[in-house]
Amino acid sequence: MEFSILADSFNKMESTRKRLELTQYLVELFEKTPHEVISKIVYLLQGKLRPDFEGIELGVAEKLAIRAISKSSGIPIKKIEDEYRKGGDLGHAASVILEQKTQTTFLVEDITVERVYETLFKIANLEGSRSQDMKMKYISSLLNDANPLEASFILKILLGTLRLGIAENTVMDALAIAFSGSKENRKILEHAYNVSSDLGKVAETIATSKLEGVEKFEVILFNPIRPMLADRVKSEDEAVEKMGNEFAAEYKLDGERVQLHVEGEKVVLFSRSLENISSYYPDIIEKIPKAIQAENAILEAEAVAINENTGEFLPFQELMHRRRKYKIEKAVTQYPITVNFFDILYCNGKSCLQMDYKSRRDKLEKIVKEDDYAKHIPMAIVKNSNDIEDFLENSINSGSEGLMLKMLDKPYQAGSRGNYWLKLKREYRNELGDSLDLVVIGGFFGKGRRTGNYGTLLLATYDEDQDTFTSICKVGTGFSDEDLDQLYQILNPKVTIKKNPRIDSEMEADVWFEPELVIEAVASEITLSPIHKAARDTIRKDAGLALRFPKFTGKIRVEKAAEDASTNEEVITLFKGQKKVAHDKNLI
Ligand code: ATP
């Protein structure tokens, strides 16, 4: 397939943020795509080469790309850098530069999607001392044969700056329309995506074997399943109202969610955002096979740091010490953990997703043999508010953050947040009723003791419809000096010359960051705001929502991707909730 078809499509998609138009462009593109290329197209349009869980990173630095552009165009590096500074987008700068190309090249080879994809794949896999030279050679050979528009998109993919604003749901809508004639069938695709986490594979299946093929999608060992999530409740009474007469309560431990895929001695671990995190937990890899009484299994657990002497659970922050590439063995002994199992999703070659909670819990207790390291998460069957309160107190006393409440007769709903699971946290009883996970989008330099650090951060929620990050508040309290140093280390490499187009903020920051880091904040209230962009125009025209008196809780949510941050939808619910409370108390 000619790469120019893809470049033209990308160009059209870049010019709109409207979901319906994007869907239409995607449908047209899919209809022109040969079936054997469709998975590649689906990865490329998300700026990837393979599904996230395979961890394939292109990792090309701007400097190297600039050298490659210079090599293939004959234009000096300095001039390319100047052009880049003007717009802050190297892909676009390259297309302008290549228009003025001084070197004549003969188009020796056609640029096809297959060739671009394979070359990018080779680049991603290069390692070692000569890898930089080889990367440059591959990039300039592609640029030699590409027209300016094609070159700009090749570079954007390479640098990770392709932002078409296409949410996964939009891709699934378009696949359903293109290959089954109706958007209604997206549900079937969603199920396949939720159990495989591989949108490319879903696309290939619907293109080649239609809906029947997609319906047969099965859980695959070592391919992560998208996690089931919980809705929040503020009180025991609200929980009983929503859950009915009898349900399960489990400790909500404050650690890292881990999905374990186990077969014999082979163990692969995935995080909540489906990143392969096996290297952070060599102890799990070593110890868990002994505890599993099955040929193979997919299990979910919370890995929690513990005080070795007392067995008490320690806060999530302690696990941060494991987020390192080197000397991980030292971190393993210094910061011991236990693995606390709460679900089983697959066992002895069969999916358990359709089994109800009660049967899954029974199976889990049979399959996982408890020892000092592997545990079953404490669970009790509860019937009323008193039972919940009792168990909540036990859970808090043991160092966990609250309870998860689960319906006994419901299946595991991969990839969705619903009412079958509820979470009741201690801190939900604060003024706002909940903490929020927000994306750091901008920074302001500190004064006084904070000079040299970012003293205040600009935070955003995630707008699922637009696939953007909308500003919601500035936060400058709750940071210890240590937090500020740590945040500076993490944020400094994320500074960008120009504000990322997915950031939606009227407020100007001293520096803009790539929207990647998620931190937790609490606030006293949500108010209407003329400046902030979160949920703009939904409650009132020309007003967004903002947090009043926001405070950093000390939690950096490394396990969350920016798209897992609190959404505008959630903030609207909290805003309406607080109005209802005020109303009930006759305050308004
Ligand atoms: P939070 O910000 O509360 O951690 P989240 O958005 O990460 O929420 P939720 O589904 O809302 O995800 O809350 C569930 C999280 O709580 C899980 O991701 C998991 O890490 C953790 N957890 C702790 N104990 C349990 C348990 N018993 N069952 C399920 N999840 C648990």
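Indexing begins at 1, ligand by ligand and atom by atom, following the structure's order. Sequence positions, counted from 1, serve as the residue numbers for this chain. In what follows, every heavy atom counts, from backbone to side chain, and hydrogens, waters and symmetry copies are set aside.
- With sequence neighbours excluded, no residue forms a salt bridge (Lys or Arg N to Asp or Glu O under 4.0 Å) with Glu370.
- When each atom of ligand 1 is checked for a heavy atom of Asp437 under 4.0 Å away, the hits are 2 (O).
- To the nearest 0.5 angstrom, Arg548 atom CZ is 5.5 Å from Ser524 atom OG.
- The 12-atom threshold is not exceeded at CG of Asn245, counting heavy atoms of other residues, nucleotides or ligands nearer than 6.0 Å.
- Judged by the shortest distance from any of its heavy atoms, Arg557 lies inside the 4.0 Å radius around the atoms of ligand 1.
- Of all the atoms in ligand 1, the ones that sit under 4.0 Å from a non-hydrogen atom of Lys423 are 1 (P), 3 (O), 8 (O), 9 (P), 11 (O), 13 (O).
- In terms of modelled atom types and a separation under 3.5 Å, the side chain of Ser529 and the main chain of Ile531 share a donor-acceptor contact.
- Short contacts between ligand 1 and Lys406, defined as distances under 4.0 Å to a heavy atom of the residue, involve ligand atoms 26 (C), 28 (N), 29 (C).
- The proximity of Leu229 to ligand 1, defined as any non-hydrogen pair under 4.0 Å, involves the side chain as well as the backbone.
- Near Lys425, meaning under 4.0 Å from one of its heavy atoms, ligand 1 places the atoms 1 (P), 2 (O), 3 (O).
- The residue Glu300 has no part lying near ligand 1, judged by heavy-atom distances below 4.0 Å.
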Determine, stepwise, if the pair Arg502 / Thr468 fulfils side chain to side chain donor-acceptor pair (under 3.5 Å). CA-CA 5 Å; Arg502 292 169 86 203; Thr468 51; over 6 Å; no
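- For ligand 1, the polar-atom distance check against Leu253 finds a nitrogen or oxygen pair separated by under 3.5 Å.
- With a 4.0 Å cut-off on non-hydrogen atoms, Asp254 does not touch ligand 1 at all.
- Checking side-chain atoms of His376 against main-chain N and O of Asn340 turns up no donor-acceptor pair under 3.5 Å.
- Interatomic distance, Ile166 CD1 to Asp173 CG, rounded to the nearest 0.5 Å: 11.5 Å.
- Qualifying side-chain hydrogen bond (donor to acceptor under 3.5 Å, both in side chains) partners for Tyr420, counting only residues two or more places apart in sequence or in other chains: none.
- Using 4.0 Å as the threshold, Glu520 has no heavy atom nearer than that to any atom of ligand 1.
- Checked by distance only, ligand 1 and Trp421 stay at 3.5 Å or farther apart across all their nitrogen or oxygen atoms.
- Checked against a 3.5 angstrom limit, the closest N/O atoms of Ala230 and ligand 1 fall inside it.
- In Glu250, the part holding a heavy atom less than 4.0 Å from any atom of ligand 1 is the side chain.
- Ring-centre distance between Phe479 and Tyr454: not below the 6.0 Å cut-off.
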